[in-house]
Amino acid sequence: MGQGVRVNVEYVSANPTGPLHIGHCRGAVVGDALANLMTKAGYSVTKEYYINDAGNQITALAWATYWRYLQAIGTDLSEEAYAEEVPGGLQYRGDYLVPVAEALAATHGGALATPEKGIAAPDVWFHTVRECALEMMMASVREDLAILGVKQDVYSSERALAEAGATDRMIERLRGDGLIYEGVLEPPKGKTPDDWEPREQTLFRATQFGDDVDRPLRKSDGSATYFANDIAYHDDKLRRGADILIDVLGADHGGYVKRMTAATKALGGRLDVLLCQIVHVLKDGQPLRMSKRAGTFITLRDLLDEVGPDAVRFTMLTRKSDAQMEFDIAAAVAQTRENPVFYVQYAHARCRSVLRAAAEMFGAAVDAGGLGEIPLESLADDAEMTLIRRLASWPRAVEAAALAREPHRIAFFLYDLAGDFHTLWNRGREDAALRFLQPDRVTESLARVALVAATATVIRSGLAVMGVEPVEEMR
RNA sequence: GCACCCGUAGCUCAAUUGGAUAGAGCACCAGACUACGAAUCUGGGGGUUGGAGGUUCGAGUCCUUCCGGGUGCGCCA
């Protein structure tokens with residue numbers, strides 16, 4: 001279906017200012033599964049991560065890391081005294097910066113501070129600290145993603161792009177198209193910021209492409225907005241060779257969809273946005289509330305340790321991404337039918353179990369390739385036909401899901417398929433004639449083995465799209 | 001105030017993109033284990049798809065409006 005069409009799927013793209021948390025998890029899983037799904041449907045897919053390594057939050061990260069560094073070399077400075085010296089205040093206080101500080105202390109000793117272990121001039125330490133922090137944060141992000149089973153093809157740097165002049169070039173290009181002007185925006189109705197005052201900014205005519213208001217590309221001091229850099233980045237993705245761009249974003253970026261879609265249109269490209277709504281994590285029936293300030297946010301790593309990557313991924317895909325979801329930790333690890341992960345895995349394990357028994361009973365006829373020649377006319381029972389129909393609808397289900405950008409459909413398909421298979425299996429308990437393996441009826445048995453093998457293949461294939469490992473046996 | 005997302009069985013969610021009688025699981029009721037693994041399965045009850053209009057041969061799906069929940073709204077990213 002997607003033959004020749006090049007798709008760029010961008011997802012996660014978390015700011016490298018700390019470890020990934022649950023809020024990032026859904027986007028990571030949905031984006032990865034969508035990319036796999038598009039690949040399965042025949043598109044040529046690039047998986048991409050956008051590193052927001054420019055802007056104030058990275059400066060704040062550097063200052064926070066520097067505080068930990070001063071601590072690591074044994075400063076006398078109090079946290080309060082330090083925070084007063086930080087432009088904008090000390091924003092990140094998490095322990096996760098301690099290893100970065102230790103690495104800095106190990107490499108540079110006290111050289112990044114004054115002899116009294118106080119704050120040195122920024123040109124002494126800032127660049128070094130920022131680069132080290134960025135590098136180690138991204139390494140930790142990648143590590144977490146690897147455990148989740150996510151590996152992206154391209155990691156793009158916002159700063160590198162901006163420093164190469166991409167933002168300026170993009171603005172001039174749009175200016176040439178008559179889409180840029182200098183002007184003053186109206187304050188938002190009903191919720192005017194306290195410090196509002198009219199300022200002239202460089203604006204993009206987003207309203208010409210369906211947005212509600214024109215959007216600023218330069219702040220009043222002339223520096224580029226995040227949006228401007230992001231347009232340049234989307235332009236870069238298009239130029240690298242992509243026919244369709246897909247952004248997987250968190251719900252807090254909902255207000256961003258129209259303007260980015262509009263901007264991509266202005267660049268002559270196409271952007272689809274998948275919005276992943278909030279996930280509420282339940283533990284023992286109680287919602288876990290995330291708060292960065294209180295330090296109680298759940299990291300992705302915590303969740304993976306507790307639930308395991310397969311259950312995390314499957315469970316995240318049991319809901320349409322634009323609907324809010326509850327993630328019940330207990331339910332995700334439950335070994336019952338209520339848990340789709342288990343139910344589907346169990347179906348696959350049963351398939352494999354039958355195939356192992358069949359190989360022992362019938363030998364070489366069951367091996368790969370041998371089943372293709374088996375006459376299948378004997379498969380006529382209702383339960384068998386239901387299963388066959390389901391299997392036959394697999395390619396269409398993949399296409400429809402890819403077209404709709406809805407990877408969760410694969411999870412539901414597999415759940416239904418597993419149900420069909422379990423039903424057939426259990427028919428064999430009531431009616432011995434429906435059992436898969438019957439030593440005295442080789443042809444019928446092999447036809448059923450072929451059906452079981454096909455079921456295992458489709459389950460395996462669907463799980464691969466979701467990034468979940470099929471299991472050979474439950475234990 | 002404005003924009004976007006959601007509202008479907010008591011609960012958690014589907015519905016092949018506008019198609020036939022809206023489907024699953026949990027919970028509830030009634031059944032099935034001398035097994036190719038019952039960690040399962042079979043059957044049953046349960047619905048004015050948040051409300052009201054409209055488009056259509058046909059609407060959970062599209063349009064208008066209201067109600068409720070969520071997210072966001074220049075010089076953060």
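Convention: sequence-line order gives letters A, B, ...; per-chain numbering from 1. Nothing here was measured: the structure is a model prediction, and the numbers come from that model.
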Asker: Determine the contact category for A:A401: base if any of its heavy atoms lies under 4.0 Å from a base atom, sugar-phosphate if only primed atoms, P, OP1 or OP2 are that close, otherwise nothing.
Answerer: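 The residue A:A401 makes no contact with any strand.
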
Asker: Where the side chain of A:K219 is defined as all heavy atoms beyond and including C-beta, which of B:C5, B:G69, B:A77 is the nearest nucleotide?
Answerer: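 Of the candidates, B:A77 comes closest.
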
Asker: Examine B:C36: is either OP1 or OP2 under 4.0 Å from a nitrogen or oxygen in the side chain of A:S353? Give yes or no.
Answerer: no

Asker: Closest approach to the side chain of A:N15, judged atom by atom: which nucleotide of B:A38, B:C5, B:A77 is it?
Answerer: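 So the side chain of A:N15 is nearest to B:A77.
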
Asker: Round to the nearest Å and state the distance from A:D420 atom CG to B:C41 atom P.
Answerer: 12 Å

Asker: Checking all strands, does A:S223 fall into the base, sugar-phosphate, or nothing category for heavy-atom contacts under 4.0 angstrom?
Answerer: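 No contact.
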
Asker: What is the distance, to the nearest angstrom, from the CE atom on A:M260 to the C1' atom on B:G72?
Answerer: 17 Å

Asker: Distance check, P atoms only: B:A24 and B:U16, in whole angstrom units.
Answerer: 15 Å

Asker: I want to check one thing: is the phosphate of B:A38, taken as OP1 and OP2, less than 4.0 Å away from some side-chain N or O of A:W425?
Answerer: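 For B:A38, OP1/OP2 do have a side-chain N/O of A:W425 under 4.0 Å.
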
Asker: Over all strands shown, is A:Q438 touching base, sugar-phosphate only, or nothing at heavy-atom distances under 4.0 angstrom?
Answerer: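 The answer is nothing, as A:Q438 stays clear of every strand by at least 4.0 Å.
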
Asker: Taking O4'-C1'-N9-C4 for purines and O4'-C1'-N1-C2 for pyrimidines, is B:U61 syn (within 90° of 0) or anti?
Answerer: anti

Asker: What integer distance in Å separates A:L424:CG from B:U42:P?
Answerer: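 Rounded to whole Å, this separation is 11 Å.
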
Asker: Taking the side chain of A:S220 as its heavy atoms from C-beta onward, which of B:G69, B:C4, B:C75 lies nearest to it?
Answerer: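 Within the option list, the nearest is B:C75.
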
Asker: Please tabulate the protein-to-nucleotide N/O contacts below 3.5 Å involving nucleotides 15-19 of chain B, giving atom names and distances.
Answerer:
residue	atom	partner	partner atom	Å
B:A15	OP1	A:H408	NE2	3.4
B:U16	O2	A:R396	NH2	2.7
B:U17	N3	A:R409	NH2	2.8
B:U17	O4	A:E406	OE1	3.1
B:U17	O4	A:E406	OE2	3.3
B:U17	O4	A:R409	NH2	2.3

Asker: Identify the nucleotide, in any strand shown, that forms a Watson-Crick or G-U wobble pair with B:U55, with both distances under 3.5 Å; if there is none, say none.
Answerer: none

Asker: For the pair made of CG in A:L249 and P in B:A3, what is the distance, rounded to whole Å?
Answerer: 21 Å

Asker: Just the rounded figure in Å: distance from C1' of B:G37 to CG of A:L437.
Answerer: 13 Å

Asker: May I have the distance from A:D221 (atom CG) to B:C75 (atom P), rounded to whole angstrom?
Answerer: 11 Å

Asker: Who is the Watson-Crick or G-U wobble partner of B:C4, with both distances under 3.5 Å?
Answerer: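 Here B:C4 is engaged in a pair, and the nucleotide opposite it is B:G70.
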
Asker: Just checking A:Y415: base, sugar-phosphate only, or nothing, at a heavy-atom cut-off of under 4.0 Å?
Answerer: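 The residue A:Y415 makes sugar-phosphate contact but no base contact.
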
Asker: With a cut-off of less than 4.0 Å, is there a side-chain N or O of A:K258 near OP1 or OP2 of B:C4?
Answerer: yes

Asker: With both distances under 3.5 Å as the test, what is the Watson-Crick or G-U wobble partner of B:G60?
Answerer: none

Asker: What is the ring orientation for A:F421 with A:F436, classed by angle as parallel under 30°, tilted 30 to 60°, or perpendicular over 60°?
Answerer: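 Parallel, since the angle between the ring planes stays under 30°.
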
Asker: Only one of A:R427, A:R435, A:R448 clears salt bridge (charged side-chain N to carboxylate O under 4.0 Å, His left out) with A:D381; which?
Answerer: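 The single option meeting the salt bridge (charged side-chain N to carboxylate O under 4.0 Å, His left out) with A:D381 is A:R427.
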
Asker: Starting at the 5' end of RNA chain B and moving along, which residue's nearest nucleotide shows up first, A:F342 or A:G428?
Answerer: A:G428

Asker: For B:G1 versus B:A20, give the span between their C1' atoms, rounded off to a whole number of Å.
Answerer: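 Rounded to whole Å, the distance is 45 Å.
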
Asker: Give me the distance, rounded to whole Å, that separates B:G23 from B:G43 when you measure between the P atoms they each carry.
Answerer: 15 Å

Asker: With rounding to the closest Å, how many angstrom separate the C1' atoms on B:U8 and B:C13?
Answerer: 9 Å

Asker: Check each of A:F314, A:Y343, A:Y346, A:F342 against A:Y415 using the ring-ring contact (aromatic ring centres under 6.0 Å, His included) test, and report the only one that passes.
Answerer: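 Testing A:Y415 for a ring-ring contact (aromatic ring centres under 6.0 Å, His included) against A:F314, A:Y343, A:Y346, A:F342 leaves exactly one candidate, A:Y343.
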
Asker: Would you kindly give the CG-to-P distance between A:N339 and B:U40, to the nearest whole Å?
Answerer: 10 Å

Asker: Could you work out the separation of B:U21 and B:C4 based on their P atoms and round it to a whole Å?
Answerer: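 About 33 Å, rounded to a whole number of Å.
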
Asker: Go nucleotide by nucleotide along RNA chain B from the 5' end; which of A:A251 and A:E158 gets its closest nucleotide reached first?
Answerer: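 Taking each residue's closest nucleotide, the earlier one in sequence belongs to A:A251.
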
Asker: Work out how far the C1' atom of B:G70 is from that of B:U56, and round it to whole angstrom.
Answerer: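 Taking atom C1' in both B:G70 and B:U56, they lie 32 Å apart.
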
Asker: Indicate, with a heavy-atom threshold strictly under 4.0 Å, whether A:V354 touches base, sugar-phosphate, or nothing.
Answerer: base

Asker: When you compare B:A15 with B:G54, how far apart are their P atoms, in angstrom units rounded to a whole number?
Answerer: 28 Å

Asker: For B:A14 and B:A9, measure between their P atoms and round to the nearest Å.
Answerer: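 Comparing P positions in B:A14 and B:A9 gives a spacing of 12 Å.
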
Asker: A:S157 vs A:D53, test: side chain to side chain donor-acceptor pair (under 3.5 Å). Steps then yes/no.
Answerer: CA-CA 6 Å; A:S157 157; A:D53 51 4; 2.6 Å; yes

Asker: Do you know which two heavy atoms are closest between A:V141 and A:G18, and how far apart they sit?
Answerer: CG2-O, 4.3 Å

Asker: B:A77, B:C6, B:A24: which one has an atom nearest the side-chain heavy atoms of A:H253?
Answerer: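 Between B:A77, B:C6, B:A24, the one nearest the side chain of A:H253 would be B:A77.
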
Asker: Using a cut-off of strictly less than 4.0 Å, decide whether A:R350 has a side-chain nitrogen or oxygen near OP1 or OP2 of B:A38.
Answerer: yes

Asker: Sort out the partner of B:U40 for me: Watson-Crick or G-U wobble, both distances under 3.5 Å, none otherwise.
Answerer: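 Paired with B:U40, as far as the under-3.5 Å criterion goes, is B:A32.
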
Asker: Of the options B:C4, B:C36, B:C41, whose atoms approach the side-chain atoms of A:R435 most closely?
Answerer: B:C36

Asker: Salt-bridge test for A:R175 and A:E182: reply yes if a basic N is under 4.0 Å from a carboxylate O, no otherwise.
Answerer: yes

Asker: Looking at A:M138 and A:P16, what are the two nearest heavy atoms and their distance?
Answerer: SD-CB, 3.7 Å

Asker: Output the distance between atom CG (A:D236) and atom OH (A:Y233), rounded to the nearest 0.5 Å.
Answerer: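 Atom-to-atom, A:D236:CG and A:Y233:OH are 8.0 Å apart.
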
Asker: Taking the six-membered ring of A:F327 as reference, does the NZ or CZ atom of A:R26 fall below 6.0 Å from its centre and within a 45° cone about the axis?
Answerer: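 No.
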
Asker: Quick one: do A:R218 and A:D168 make a salt bridge, cutoff under 4.0 Å?
Answerer: yes

Asker: Which one is paired to B:A24, where only Watson-Crick or G-U wobble pairs with both distances under 3.5 angstrom count?
Answerer: B:U12

Asker: Mind checking A:F412 for me? I need base, sugar-phosphate or nothing, with any heavy atom below 4.0 Å counting as a touch.
Answerer: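 The residue A:F412 makes sugar-phosphate contact but no base contact.
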
Asker: Work out which heavy atom in A:A60 is nearest to a heavy atom in A:Y92; give both atom names and the distance.
Answerer: CB-CE1, 3.8 Å

Asker: Measure distances between side-chain N and O atoms of A:R319 and base N and O atoms of B:C13, and say whether any donor-acceptor pair falls under 3.5 Å.
Answerer: no

Asker: Can you check the A:N426 CG to B:A32 C1' distance for me, whole Å?
Answerer: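 Rounded to whole Å, this separation is 10 Å.
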
Asker: Taking 4.0 Å as the cut-off, does a side-chain nitrogen or oxygen of A:Y256 come that near to OP1 or OP2 on B:G74?
Answerer: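 So the side chain of A:Y256 is outside the cut-off, no N or O lying under 4.0 Å from OP1 or OP2 of B:G74.
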
Asker: Does a nitrogen or oxygen in the side chain of A:N52 sit under 4.0 Å from OP1 or OP2 of B:A77?
Answerer: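 Indeed not, no polar side-chain atom of A:N52 lies that close.
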
Asker: Where the side chain of A:D212 is concerned, which of B:A14, B:U71, B:A3 is the nearest nucleotide?
Answerer: B:A3

